[in-house]
Protein chains: 2
Amino acid sequence: MSERRVTIRDVAAAAGVSVTTVSHALNGKGSVDPATRERVIAAAGDLGYRASRAARALRSGRTGVIAMLLPAPDTLDAEREMLSLDYYMQLAMAAAGAAFERHHPLLLTPPLKTVAELRELGVDGGILCDPGRADPRLALFEELGLPVVTIERDLGRPEHRWYVRGDNEANTHELLDHLADAGATRVAMLAAESDWAWSAESEQAYRAWCASRGQEPIVEVTGLHQLEASAYESGGRLLDRPQRPDAIFALAESYATGVVRAARDRGLEVPRDLLVASGIDSQQTREATPPITTIDLLPQDQGAAAARLLVERLEGAEPAAPVVVPAALRIRASTQP
Amino acid sequence: MSERRVTIRDVAAAAGVSVTTVSHALNGKGSVDPATRERVIAAAGDLGYRASRAARALRSGRTGVIAMLLPAPDTLDAEREMLSLDYYMQLAMAAAGAAFERHHPLLLTPPLKTVAELRELGVDGGILCDPGRADPRLALFEELGLPVVTIERDLGRPEHRWYVRGDNEANTHELLDHLADAGATRVAMLAAESDWAWSAESEQAYRAWCASRGQEPIVEVTGLHQLEASAYESGGRLLDRPQRPDAIFALAESYATGVVRAARDRGLEVPRDLLVASGIDSQQTREATPPITTIDLLPQDQGAAAARLLVERLEGAEPAAPVVVPAALRIRASTQP
DNA sequence: TCCCATGACCAAAACGTTTTGGTCTATCGT
DNA sequence: ACGATAGACCAAAACGTTTTGGTCATGGGA
C-alpha cells in the first residue's frame, strides 16, 4: 500500500556503502573506486532510484529547472498582433523536450520585471528568445549570477557569447539568390522596425547583397503591430513606385500575406508579376494562396540547441558557443513564375 | 556581500514568536491569535520573506508547480500540421501568467507516456488541453493522485468534472444564427475527425440547429493532417453538390482558408456567393482575404481560468466546476455580403 | 624506518521548511 | 470548586539530499 519513496539510503544499503559514497558515485564528485561506482549505479538502477529534486535543491541550491522567456510585448494586446506565435510555440516545445530528456524541466515564464520575481521562480538558468538591444531581462539573470542562453544575439551585448542563432546572412543571401535565379531584377525588402538581431542582420544582409550586385537597395520599414495591415500599406507603396520591384522579400510571415494582398488589389498576380518570399515560415505561408516561399528557421532545432547548450553549461561542461543552426529554404509557388 | 537568504527564523525573531507560529500564521494552519498573525505577516513583509520552495517541497511533498500538457500528436510531423499553434500558445501563456501570479510556476511538459516520467517532473497537478476520449494522460495523473484540470472535457470520462470549456453549443448556435441573418439558407459544416469534445459538441450543435430549423444537415468530415489541403478537397465536394450550400461553417482555422480557396477556384466569391466562418480564431483568419468570421474562444480566458481552477484546488479550496468561458463572435467580411 | 601524500570511504551537519506532539493558561459547564 | 475543553504557543523531529571534515589504509620517497 504505502509506496514509500526509494531514497539514497536504500541505494546505500543495497550497495553496501554509505550515503556519502552513493552521492559521490552518482554525481561523479568525490573519489570512489570504479568497481564501487559500478555497484552503486547498478543498485540505483535496480531500485529505480531518482534523487529527490526538492532535497537536492534544498541542500545544493540548484533546482535543475530552466526558465523559458518568450519575447515580452508590453501589452497583451500587442502580443496578439506581434508574435509569430507559431514559431515560438515550436521553439518552446522543442526546448522543453530537449531539456526534459536531460532531466531539466522547463518553466514557461511570464514577462519578468524584477529580480525578486526571477528569484522566486527558483530556476538555475534561462533561455531568452529574441532579446531586444541590451535586453533588461538578460541583466536580471546576470544579477543573480544565473546562466542565460539567448536565441539570436543581444545586439547591445557583444560580449555575451552564449547564444543560438540562425545564419541570417547566409539564409538571406540564399533566398535572394533564389529570387534572382527566378528572374527577379529589382528585389525590394519589407524590413521590420525592431532591435532584434534577426531583423537587423537580415536587413543588413539584404543591403550587402544589393551592394554586391551593384543594385540599389529598396527598403520599406514596417511596423510591428497590425502586421498584415502595415505590410499591405508599405508593400503598396513599393508597388506604386515608378520603377516597380519585381520581387519582394517580406521579413515577417504576415508581411508576405499583406504584400500579396496589396499586389492583388493592383491587378498584379503572384508569382507572374511579382515574386514574394518571407523570412520566416509558418502555417500561414504554407497555406497561403499561392503558398509562399520562406526561410524555415527550423525552430525545433533552435529550441533544442538552446536547451542543450544551457544544460551543458549547468552541468559544468564548457560547450562551444555560439551555435549556428542551419535553416531550410522552402521554395513554394510564390517564387516560381 | 553575502546576501544571506531571509529564512523563517528571521521572521520568527523579528515577530518575537517561534518558527512554528510563523509557519502557522503564514499558512493559516494552526490556531494563532489574530494580533499575532498580523505581527507575523508584517514582519515577513518587512523582511521580504518568501518561503523556500525547495524546503517546503521537501517537507510537505508539494512543489507548487503545475504541468501544462498540450495535445500530444504521435509524431512531431503531425504536430506541425495539426495544432492550432496560435491558440495553444495563447492558452499556455495565459495559464502561465495566471498561475505565476498565484505563486505557482507552470511547466511546459513534453508528451508524457509513463508514470515514472510524470513522477520525475515533481508537479502538484496538471492542466490537460483537449483530451482525447479517455485520454491516457489523465489516468497517469490519477494514478499518482494528482489533480488535473482539463480544457474541454474528456468525452470518455463523464465523471471528471474538473474542466474549463467553451460553450460550444451556444457559440455554434450564435454563429449559425449570424449566418442565417446574413442570408444563408443552406449552411454546411466542415467537421473534424477527432474525439475532442470541442469538435464533437460543435458538430452536434450544428445538427441540432439544423433540426430546429427543419433543415437537413450537410456535413463533410475532414482529416486532421494537411488541414488546408483536406479542407480544399472536402470543401470542394460541398461546393460541387447539385444543391450548393450558400454558407460553410468550417470548424478549424485552416479549414476555412481551404474552403475559401476551393470557392475561388470555382469562380465563387466570398462573401458574395458563399459565406464562410470558422470555429476558431487565429492570425490566419484575421488576415485572410477576405478576413474570416470566427468564434474567438478567448484562449487567454480559458488558460487563465484553468490555472485559477487548479490553483484553488491545490490550495485546498473547493472551487465551483466546471467553468464555462464565454466566447466572442468575431464578425468579419467573409460573412457580410 | 618514518613521514606524508593519496585514495577510498564514512558520520554527521546542514539546507529551510512543515508537522508532530506536546505545555500552559483561561474559560466553561456543572 | 473541579474537570474538561479549547486556544495560543512552542521544541524538536522529519523530509532526502549534498557537503564538510574527518578516519584509516596503502604506498612511495627520504
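As the structure is a computational prediction, the values presented were derived from the model and not from experiment. Letters A, B, ... are given to chains in the order of the sequence lines, protein chains preceding strands, and every chain is numbered from 1.
Summarising the geometry, the separation between CG on A/L26 and P on D/dT17 is reported as 10 Å, rounded to the nearest angstrom. Regarding B/D10, its CG atom lies at a distance of 13 Å from the C1' atom of C/dT17, rounded to whole Å. Atom CG in B/L58 sits about 13 Å away from atom P in D/dA14, given to the nearest Å. Going from atom CD of A/E38 over to atom P of C/dC9 covers 13 Å, rounded to whole Å. The CZ-P distance, from B/R62 to D/dG16, rounds to 14 Å in whole Å. Whole-Å rounding puts the B/R59 CZ to C/dT20 P distance at 7 Å. Rounding to whole angstrom units, CD1 of residue B/I8 and C1' of C/dT19 are separated by 12 Å. For B/R4 and C/dA14, the CZ to P distance is 14 Å, given to the nearest whole Å.
Contact detail for A/A55 and B/L58: the closest heavy-atom pair is CB-CD1, 3.7 Å. Of all non-hydrogen atoms in A/R313 and A/V148, the two that sit nearest each other are NH1-O, 3.0 Å.
Counting heavy atoms from C-beta on, the side chains of B/N27 and B/R56 come closer than 4.5 Å.
Taking 4.0 angstrom as the limit, B/S31 places none of its side-chain polar atoms (N or O) nearer than this to OP1 or OP2 of D/dA6. The side chain of A/S23 places an N or O atom within less than 4.0 Å of a non-bridging phosphate oxygen (OP1 or OP2) of D/dT18. In this structure, A/K29 reaches the D/dT19 phosphate: one of its side-chain N or O atoms is under 4.0 Å from OP1 or OP2. Contact annotation: B/R37 does not reach the phosphate of D/dG7 (side-chain N/O to OP1 or OP2, under 4.0 Å). An OP1 or OP2 oxygen of C/dC10 is reached within less than 4.0 angstrom by a side-chain nitrogen or oxygen of A/S18. OP1 and OP2 of C/dT17 both lie 4.0 Å or more from every side-chain N or O belonging to B/S60. Contact check, A/S52 against D/dT17: no side-chain N or O comes under 4.0 Å of OP1 or OP2.
In the model, B/Y88 has a side-chain atom that pairs as donor or acceptor with a side-chain atom of B/D130 under 3.5 Å. Side-chain contact of A/R50 with A/H103: a donor-acceptor pair under 3.5 Å is present, judged by distance alone.
For the pair A/D135 and A/R157, the salt-bridge criterion is not met [side-chain N within less than 4.0 Å of a carboxylate O].
Comparing C/dG16, D/dT19, D/dT18 by their closest approach to the side chain of B/R9 singles out C/dG16. The B/H24 side chain lies nearest to C/dT19 when the options are C/dT19, D/dT17, C/dA12. The listed nucleotides are C/dC10, D/dG16, D/dT18; the one nearest the side chain of A/R56 is D/dT18.
Looking at heavy-atom distances under 4.0 Å, B/V6 makes contact with sugar-phosphate atoms alone, never a base. Residue contacts for B/R53: at a heavy-atom cut-off of 4.0 Å it reaches no nucleic acid atom on any strand shown.
Between A/V19 and A/T36, the residue anchored closer to the 5' end of DNA chain C is A/T36, taking for each the nucleotide with the nearest heavy atom. Summary of the strand contacts: B/V32 and B/A55 both lie near DNA chain D, and taking for each the nucleotide with the nearest heavy atom, the more 5' one is attributed to B/V32.
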